[in-house]
Amino acid sequence: MTSTKYDPRVLKAPHPVPGAPDNWKRFLSFNTDAKVIGIQYIGLSLFFLLVGGLLAMVMRGELITPPADLVDPSVYNGLYTMHGTVMLFLFLFPVLNGFNNLLIPTMIGAPDMAFPKLNAAAFWLVPVFAVVLLSSFFIPGGPASSGWWSYPPVSIQNPLGHLINGEFLWILAVAISGVSSIMGAINFVTTIIRMRAPGMGFFKMPVFVWTAWAAQTLQLIGLPALTGGAIMLLFDLSFGTSFFRPEGGGDPVLYQHFFWFYSHPAVYVMVLPVFGIFSEVITVYSRKPLFGYKFVALASFIITFLGLIVWVHHMFYTGTPQWMRNLVMITTMLIAVPTGVKVFAWLGTLWGAKIRLTTPMLFVLGGLVNFIFGGITGVMLGTVPIDIHVGNTYFVVAHFHYIIFNTIGFGIFAGIYHWFPKFTGRMYYEGLGKIHFTLTFIGATLNWLPLHWAGLYGMPRRVASYDPEFALWNVIASIGAFMLGVASIPFILNIVSSWARGAKAPANPWRAIGLEWLLPSPPPAENFEDDIPTVISEPYGYGLGKPLVEDEEFYVRRSMEA
Amino acid sequence: MTSTNADLPLKHVPGHIKHDGHNLTGFIIFLCSESIIFLAFFVGYALLKITSPEWLPEGVEGLETRMPLINTVILVSSSFVAYFAEVYLHKKNLWGFRAMWLLTMAMGSYFVYGQYVEWSELAFSLSSGVFGGTFYLLTGFHGLHVITGILLMGLMLARSFSPNNYDKGEMGVTAVSLFWHFVDVIWIILYVLIYVWQRTS
């Protein structure tokens, strides 16, 4: 529909999306449009969610009975190593980079990322390193099997003596992933610093942009340390050095410092954008301004800072001196403050609100409950005496899955549903979405809640067999894991069928406030092109009646007519 | 849905925003991030050196410092030469820029050659305990950066011959010379850590 009511020089139609809107082939090409790259990231990472989930279900199938009967114990070692690596490096990081690509430019009113080609190159490194990583299943000796943390001296054993072994490919894959992440991080941070719409000061940015910025800053600071450690590990493994070999004067614990200096902040790299998604979704569906917006925004960077000085809490029982344990225990406890600020801000927003229980809101509320639960077990684990007691048991496994799947995973599903109409131009099916949520919530709870007890009673992790006294907890957990597998069916059905033949989405189906909702659905290639709105209000002005941008009427009309 | 009245006159003036000049921002962010790899290596080196019961492998007395010192002086002064090259470019004196830039490259190449000579005369190897490993890792990783810097400078030199290349500013030259200063600073820290700080006990 074109309008002749206004001056055509002023109201020019946005460029059409390259190719037809439903031209799926552009998702298989080297495309520099951040929105195409975002969907590429999310699509590819969801495929790897299935791969990682399949590995997990084989493990849970093995653990349904106490003895190691389904798979060989050495195969089991490879399974949990690859499960962790695939889920982190091939699902969580790429999927969140997908959100960054879709949301950062549209939310700050930029036409694209600062470096579009670098952006596309960063994406195409993901399939490259996926092939490197997964090819290790087909080489002699099998995949890396020293866990995703790859501690030496276990990880620098090379019993078969081949140069190309599972561990070698694992390090190579992690290195490529690191290059890709750094390329992405430089891009995101530059875009946020340099390309905000006129009038969008830092305290007018949506919380998602704040959290993505904080998270990518962590990537920039933390990831090089892991890269340094990985280079040294590779030299130890393949070229006869002894950085981490005690017999040559090296120190295996040094690797743990390198590893956790990045890999603890990595949790915040993943959880911070999810906090951003929580803030966006909660305000839309409770129709209230975000409670304490500035504190929520700033808390992201406090988490970044604190996140860099707590890594030693992963090493309480690996020879860390008592004074350092105490120090790190205190800094670990301090993290509860900025995260608490966020949780109470969300609760304050929900308080007295008229809540719409749509699928994204359900996932966020479920994720919030799980986050509070996982946060409390996190405080428990941050306490030295408890950690020494339950370290390396299923209590730890249960805790971090409550964060990494039950919070971050839920947030990702919420984000996918919430912005699905915006970036595909189609509405998803609410009913299927709710079935997906119900199955996911019950499955996740059955899967990880019982494992807390198993861990407290002393069931060790990373072992294929266990004492029969833990059988009940494990049967329940396995049922939950299979339910999560089943839950992917309504999700895939929903995404595929609604994208193919769902109802056409309006520009702003949720009556949300934000620059991305002033664009047509799906947004044109260059977003606002050179007609970028001037931001005049804080975000989340629900119920305040203030326009977000100058000439809001104009942008609303244009978005509806495209 | 926000109410829209299609008959309302719209007083919208399209704004125009140019997005350029953030290449340097991105490059500086990259350098900050890159410095953390070196920081990780330096901290690892220092920790290993402090805690290792036997630092020097058998038959190794320590490192000779005279040759590396000459090397250091040459590398550090090349940074100033690179700065003058930039000054010439700002003054649109292309030949002055090329001469200074070439001199920087020559000094960098001499540094790499000096490293090569030093490496080939050493009595220990990569696998001679942590001492050998850290020495070759640190100097080698830094050397890779020096070689990268020289190659990038060659690229900028070649670009200076294409017409009107530096009309829109010299972002590439600024970035490469920033990189070169970075490599220099890293070397100074490295020199202090490896050559100056030799354990006496």
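We name chains A, B, ... by the order of the sequence lines, and we start the count at 1 in each one.
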**Message:** Holding to side-chain hydrogen bond (donor to acceptor under 3.5 Å, both in side chains), I want the full list of residues that pass it with B:D184, two or more places apart in sequence or in another chain.
**Reply:** B:S79
**Asked** Are there more than 12 heavy atoms of other residues, nucleotides or ligands under 6.0 Å from atom OH of B:Y195?
**Response** yes
**Contacting moiety of A:F235, where chain B heavy atoms sit under 4.5 Å** = side chain
**Message:** Which one wins on heavy-atom pair count under 4.5 Å against chain B: A:P246, A:A507, A:S242?
**Reply:** A:S242
Show the atom names and distances, to 0.1 Å, of all donor-acceptor pairs under 3.5 Å that link a side chain in residues 213-233 of chain A to residues at least two apart or in another chain.
from: A:T217; atom 1: OG1; to: A:W213; atom 2: O; distance (Å): 2.6
from: A:Q219; atom 1: OE1; to: A:Y262; atom 2: OH; distance (Å): 2.7
from: A:T227; atom 1: OG1; to: A:L223; atom 2: O; distance (Å): 2.9

**Heavy-atom neighbours of A:E247 CD exceed 12 at 6.0 Å** = yes
**Neighbourhood of chain A inside residues 138-153 of chain B, taking heavy atoms under 4.5 Å as contact** = B:F141
**Fill in**
Taken to the nearest 0.5 Å, the spacing of A:N187 CG from B:H22 NE2 works out to 9.0 Å
**Complete:** Heavy atoms of B:L48 and A:F243 approach each other most closely as CD2-O, 3.9 Å
**Request:** Please determine, among B:G129, B:S125, B:P57, the option with the most heavy-atom pairs under 4.5 Å with chain A.
**Result:** B:G129
**Message:** Sub-4.5 Å heavy-atom contacts with chain A: which residues of residues 24-45 of chain B show up?
**Reply:** B:T25, B:G26, B:I29, B:F30, B:S33, B:I36, B:I37, B:A40, B:F41, B:G44
**Fill in**
For B:S52 and A:G249 the tightest heavy-atom approach is OG-O, 3.9 Å
**Gap separating the CG atom of B:L126 from the CZ atom of A:F239, nearest 0.5 angstrom** = 8.5 Å
**Request:** Drop me the distance from A:L254's CG to B:T51's OG1, to the nearest 0.5 angstrom.
**Result:** 8.0 Å
**Message:** For B:F124, I'd like to know if atom CZ has over 12 heavy atoms of other residues, nucleotides or ligands within 6.0 Å.
**Reply:** yes
